[in-house]
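Encoded as structure tokens, here's the structure I'll be asking about.
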Amino acid sequence: MSFTGGILTMSNPEKMYGKNKNIPESLYKIRHSLAHIMAEAVLERFPEARPTIGPPIDNGFYYDFSVPQAFTPEDLEAITKRMREIVRKHVDFGRREVSEAEARALFKDNAFKLELIDGLTRGEDDMGEKADGAAAPIISLYTQDGFTDLCRGPHVDNTRQIHPDSFTLSASSAAYWRGNEKNPVLQRIYGLAFKTPQELADYQKMQEEAKRRDHRKLGAELEIFIFDDEVGPGLPLWLPNGAVMIEQLEGLAKKMELDAGYDRVRSPHLTKQDLFVRSGHLPYYAESMFPPMELDEGVKYYVKPMNCPFHHKLFAARKRSYRELPVRFAEYGTCYRYEQSGELFGLMRVRSMQMNDAHIYCSEEQFESEFMGVVDLYLKYFKIFGIDKYVMRLSKHAKEGLGKKYVDNEAMWVKTEDMVRRAMISGNVPFVEAENEAAFYGPKIDVQIYSAIGKEFSLATNQVDFAVPARFDLTFIDRDGQEKTPLCLHRAPLGTHERFIGFLIEHYAGTFPVWLAPTQAMIIPIADRHVDFARQVERRLLAAGLRARVDDSPDRMQNKIRKAQGHKIPYMLVVGDKEAEADAVSLRLRTGEDLKAVGVNAFIARAKDVVERYAPEL
RNA sequence: GCCGAUGUAGCUCAAUGGUAGAGCAACCGAUUUGUAAUCGGUAGGUUACGGGUUCAACUCCCGUCGUCGGCUCCA
């Protein structure tokens, strides 16, 4: 799979398999067959284990087993070894179709397989979802080396098609049966598998490199943020470098939003329970909210998980005419969400977050242009940051969630999802669609990105709200004199400071563009006698709005350069006798390029130009 | 929240039941240096926290908290 300009492209003519249809058939067969071989090896070692499902996935495969004990690293090692032996035996994979009764007899001791058979007879796939175009149920078995599994296939014909050193078992963990936390816990073993040992080695090397750009590691090294046990999990503290970055992002957002016709508003962190009852956060969103604090009078207050109810109140502050629509209220509001402890992940998933939030109130006729205006804003930002590996996703409701996760009004869901789909198509913006990913009040376009270690996150979001304006009795007087309910768009093109900066750290691997770099220029005096001139240069840079510092430590120049390189500071300005004499600096870029002496004023002009253009180059 | 792993100095890591160490960073001193590590010294830990076993616990056991890898969930 590759990404080009945000569009998923595939050029392989081979038939594609997998959840995202991104695994070529030959590789899919290898991975799928290895999953079976792993099950065989696991069963040999743990005869009491019950295999459940074991699909191929990106980069490999997994298999979930019902076993009393978790697998240990020693188990994985032994299982890997055994798998290689089986592969080297060059055993055949044979397919056989059986009747439902025969299948049930064969798997009578495995409740999970029996449940799968139940599903097959109803035309469902492994995950209990209805398979596309399922006709008469076919129950097929695959057997290799005397081990038989219920499986749709396909598989390799013989294990000689698998290189014994092109796979390895990578991890074990728990997983719920059919991904539902109310179901029994299973033990999953993950494997990596490719066509050749070289591809496996390349993948493993890539993962090692990805770890180096992990924002948790770089964020500490570059002194951007910390977490502290005594403060609490998921509550980041921003060091001065991080605070500078936040201010730069906010500055950019304010400028862009001013240009796009937004007004800035502000709202408190706390509110009475009543507001969230009205908004529908209680109960739709209650489990993601911090528990309430109760005041003497018995009034409950909640910290806000979202800013929208406040903006709705601001919209309702006076009667609105169709003439002033669309109304666009923007706020970098700090929200608090009680995320499950196991879900916290560095800056990418936190419990306190500052959102690049805004709410647009508009009429239905204005919807498309407003919605696409927001998408345009995304694209402008992404261009500035050079973000091109993302997928836009139309996140839709799921029927079974109506009244629970989602506002219970199916007609409006269908209508608004269609509005979004049409807007995206007419705006010629590529997107994918996903069920059961909507906000509780409406469908949305999410921008999906991947962290360095491959976790998927929504970076930005653009949401339609067809439900809450009515709950707040929001109205405007239309040109016909009638009161009407506006639509509301919730949007956050820069997501939250936390996730966005986490993403940017990984995206740039810490080498931020000059406008975003916490320190833009480090002035490096060669000897103590040059410190005065260095201070003078520093003052001139600061006066020009550049973030400069002098390294007046007793280190040698070489070490000062090394430290500045380590902090990925864009410009290193070495000053010695020659420079002081000529009112110049010796300009070294963090790329290692030495541009020799540049006049101080010339450097200031250059740096200011780069900053003002939000340029990616130095 | 669930399953598993894990927690030693600011950071990276040693110490396998017998007095907690190293490198880097910090601090002090010397050096005054031309594009990725100058030299010497000093200080720094109730081994996450709380219990237990033992003559003796960083080490073994239990609990709590945090972190990591997944699952579930999301900006």
Side-chain angles (χ1 to χ4, degrees), chain A residues 62 64 69-73 170-190 214 216-217 220-221 223 226-234 285 287-288 305-306 335 337-350 353-357 395 405 437 439 444 446-449 453 455-461 463 490-500 502-503 524-531 553-566 572-579 586-590 592-597:
Chain A
Y62 69 80
D64 287 344
Q69 295 273 308
F71 297 106
T72 64
S170 54
S172 63
S173 71
Y176 300 105
W177 169 237
R178 291 190 155 161
N180 186 326
E181 62 185 328
K182 292 184 184 69
N183 286 345
V185 170
L186 308 172
Q187 293 299 325
R188 174 174 299 180
I189 302 178
Y190 282 97
D214 189 316
R216 292 168 296 182
K217 189 171 159 57
E221 284 171 13
E223 297 184 65
I226 56 164
F227 286 95
D228 185 284
D229 290 357
E230 219 167 334
V231 173
Y285 204 75
E287 63 178 34
S288 294
M306 296 184 194
C335 296
R337 297 184 184 175
Y338 188 70
E339 304 291 353
Q340 295 184 42
S341 59
E343 272 315 306
L344 300 173
F345 178 72
L347 283 182
M348 301 295 234
R349 192 75 184 279
V350 293
M353 70 208 80
Q354 215 172 335
M355 304 179 70
N356 171 225
D357 211 357
S395 302
K405 266 174 88 173
E437 297 284 356
K444 52 184 180 160
D446 290 317
V447 179
Q448 301 303 108
I449 52 100
I453 62 167
K455 279 177 187 272
E456 180 180 353
F457 291 97
S458 293
L459 187 66
T461 189
Q463 314 178 342
H490 306 233
R491 43 109 283 180
L494 297 181
T496 62
H497 285 326
E498 289 73 16
R499 186 171 291 176
F500 203 76
F503 168 77
I524 299 176
I526 289 176
D528 286 350
R529 67 177 179 280
H530 307 123
V531 169
S553 67
D555 291 314
R556 297 176 57 196
M557 176 206 62
Q558 280 88 338
N559 199 29
K560 292 177 185 177
I561 287 174
R562 185 167 183 277
K563 285 189 296 181
Q565 286 285 156
M572 280 153 269
L573 311 180
V574 178
V575 297
D577 293 330
K578 283 182 290 185
E579 287 76 15
S586 177
L587 175 57
R588 178 197 162 98
L589 306 180
R590 72 176 163 214
E593 196 179 348
D594 182 357
L595 298 182
K596 310 292 182 190

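Atom set for the values below is all heavy atoms of this structure, side chains included, hydrogens, waters and symmetry mates excluded. In what follows, chains carry the letters A, B, and so on, assigned in the order in which the sequence lines appear, proteins first and then strands, with residues in each chain numbered from 1.
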- B:A75 phosphate, OP1 or OP2, under 4.0 Å from A:Lys444 side-chain N/O: yes
- Query: Less than 4.5 Å apart, any side-chain heavy atom of A:Tyr190 and any of A:Ser173?
  - Reply: yes
- Atom C1', compared across B:U32 and B:C39: separation rounded to whole Å: 14 Å
- Query: Can you find a donor-acceptor N/O pair under 3.5 angstrom joining the side chain of A:Thr496 to the base of B:A75?
  - Reply: yes
- Message: Under 4.0 Å, heavy atoms only, any strand: does A:Phe500 hit a base, just the sugar-phosphate, or nothing?
- Response: nothing
- Query: More than 12 non-hydrogen atoms from neighbouring residues, nucleotides or ligands closer than 6.0 Å to CD on A:Glu456, yes or no?
  - Reply: yes
- Could you tell me whether A:Ile524 contacts a base, only the sugar-phosphate backbone, or nothing, with contacts defined as non-hydrogen atoms closer than 4.0 Å? nothing
- What's the CG-C1' distance between A:Asp357 and B:A75, to the nearest Å? 10 Å
- Atom C1', compared across B:A9 and B:A26: separation rounded to whole Å: 11 Å
- Does a nitrogen or oxygen in the side chain of A:Lys455 sit under 4.0 Å from OP1 or OP2 of B:G70? yes
- Item | Contacts of type salt bridge (charged side-chain N to carboxylate O under 4.0 Å, His left out), residue A:Arg349, not counting sequence neighbours | A:Glu339, A:Glu343
- A:Tyr285 side chain near B:C73 phosphate (N/O to OP1/OP2, under 4.0 Å): no
- Query: Is A:Ala175 touching bases, backbone alone, or none of the nucleic acid, heavy atoms closer than 4.0 Å?
  - Reply: sugar-phosphate
- Separation of atom CZ in A:Phe227 from atom C1' in B:U67, rounded to whole Å: 11 Å
- Rounded C1' spacing from B:G34 to B:C68 in Å: 45 Å
- Query: Whole Å only: how far is the CD atom of A:Glu223 from the P atom of B:A26?
  - Reply: 10 Å
- State which residues pass side-chain contact (heavy atoms from CB on, under 4.5 Å) with A:Asn180; sequence neighbours excluded, sorted by chain then number. A:Lys182, A:Asn183
- Quick one: are A:Gln187 and A:Ser172 in side-chain contact, heavy atoms under 4.5 Å? no
- Item | Taking every non-hydrogen atom, the tightest pair across A:Ala174 and A:Val185 | CB-CG1, 3.8 Å
- Query: Looking for any heavy atom pair under 4.0 Å, which part of the strands does A:Lys578 touch: base, sugar-phosphate only, or nothing?
  - Reply: base
- Atom-pair distance (CG on A:Asn183; C1' on B:C73), nearest Å: 16 Å
- Among the nucleotides B:G69, B:C71, B:U33, which one has an atom lying closest to any side-chain atom of A:Arg188? B:C71
- Query: If the C1' atom of B:C65 is compared with that of B:C27, how far apart are they to the nearest Å?
  - Reply: 33 Å
- Return the 5'-most residue of the pair A:Met572, A:Leu344 with respect to RNA chain B, ranking by each residue's nearest nucleotide. A:Met572
- Does the side chain of A:Met557 reach to within under 4.5 Å of the side chain of A:Pro525, using non-hydrogen atoms? no
- Can you tell me, in whole Å, how much space there is between the C1' of B:G40 and that of B:C60? 43 Å
- Heavy atoms under 4.0 Å is the rule here; annotate nucleotides 36-43 of chain B 5' to 3' with B where the base is hit, S where only the sugar-phosphate is, and - elsewhere. BBB-----
- Task: Please state whether the base of B:C74 and the side chain of A:Arg337 form at least one donor-acceptor pair under 3.5 Å?
- Result: no
- Query: Rounded to the nearest 0.5 Å, how far apart are CG of A:Leu573 and CG of A:Leu595?
  - Reply: 10.5 Å
- Query: Under 4.5 Å between any side-chain heavy atoms of A:Phe503 and A:Phe457, yes or no?
  - Reply: no
- Message: Could you work out, with salt bridge (charged side-chain N to carboxylate O under 4.0 Å, His left out) as the rule, every residue matching A:Arg529, not counting sequence neighbours?
- Response: A:Asp577
- Query: Between B:U33 atom P and A:His530 atom NE2, what is the distance in whole Å?
  - Reply: 8 Å
Detail all sub-3.5 Å separations between protein N/O atoms and N/O atoms belonging to nucleotides 1-3 of chain B.
from : atom 1 : to       : atom 2 : distance (Å)
B:G1 : OP2    : A:Ser341 : OG     : 2.5
B:G1 : N9     : A:Gln340 : OE1    : 3.3
B:G1 : N7     : A:Gly342 : N      : 3.1
B:G1 : N2     : A:Tyr176 : OH     : 2.6
B:G1 : N3     : A:Gln340 : OE1    : 3.4
B:C2 : O4'    : A:Tyr176 : OH     : 3.3
B:C2 : O2     : A:Tyr176 : OH     : 3.4
B:C3 : O2'    : A:Gln187 : NE2    : 2.9

- Message: Can you confirm whether A:Pro493 sits close enough to A:Asn356 that some side-chain heavy atom of one is under 4.5 Å from a side-chain heavy atom of the other?
- Response: yes
- Task: Look at all strands and tell whether A:Lys405 reaches a base, only sugar-phosphate, or nothing, counting heavy atoms closer than 4.0 Å.
- Result: sugar-phosphate
- Do A:Asp594 and A:Arg588 pass the salt bridge (charged side-chain N to carboxylate O under 4.0 Å, His left out) test, and can you show the C-alpha distance, the side-chain angles, and the key distance before you say yes or no? CA-CA 4 Å; A:Asp594 182 357; A:Arg588 178 197 162 98; over 6 Å; no
- Item | Interatomic distance at P, B:U67 relative to B:U59, whole Å | 22 Å
- Task: Choose from B:U67, B:G69, B:C74 the nucleotide whose nearest atom is closest to any side-chain atom of A:Pro233.
- Result: B:U67
- Message: For A:Tyr285, is the OH atom crowded, meaning more than 12 foreign heavy atoms sit under 6.0 Å from it?
- Response: yes
- If you measure from the P atom in B:U46 to the same atom in B:A20, how many Å do you get, rounded? 12 Å
- Message: From CG of A:Asp577 over to C1' of B:U33, roughly how many Å is that when rounded to an integer?
- Response: 11 Å
- Residues A:Gly576 and A:Ile526: closest non-hydrogen pair is CA-CD1, 3.9 Å
- Nearest-nucleotide 5' precedence on RNA chain B, A:Asp594 against A:Thr461: A:Asp594
- For atom OH of A:Tyr190 and atom P of B:G4, their distance in whole Å: 16 Å
- Within the pair A:Arg216 and B:G69, is there a side-chain N or O less than 4.0 Å away from OP1 or OP2? yes
- Message: By the 4.0 Å heavy-atom rule, please label A:Asp229 as base, sugar-phosphate, or nothing.
- Response: sugar-phosphate
- Counting heavy atoms not belonging to A:Lys563, are there more than 12 under 6.0 Å from its NZ? yes
- Task: To the nearest Å, give me how far apart CD (A:Glu230) and P (B:C65) are.
- Result: 16 Å
- Treating a pair as Watson-Crick (purine N1 to pyrimidine N3 plus N6-O4 or O6-N4) or G-U wobble (N1-O2 and O6-N3) with both distances under 3.5 Å, list the stems of 3 or more consecutive pairs that involve RNA chain B. B:1-7 with B:65-71, B:10-13 with B:21-24, B:26-30 with B:38-42, B:48-52 with B:60-64
- Item | Same-atom distance (P) from B:U42 to B:G1, integer angstrom | 47 Å
- Would you mind classifying the nucleic acid contact of A:Glu579 as base, sugar-phosphate or nothing, using non-hydrogen atoms under 4.0 angstrom? base
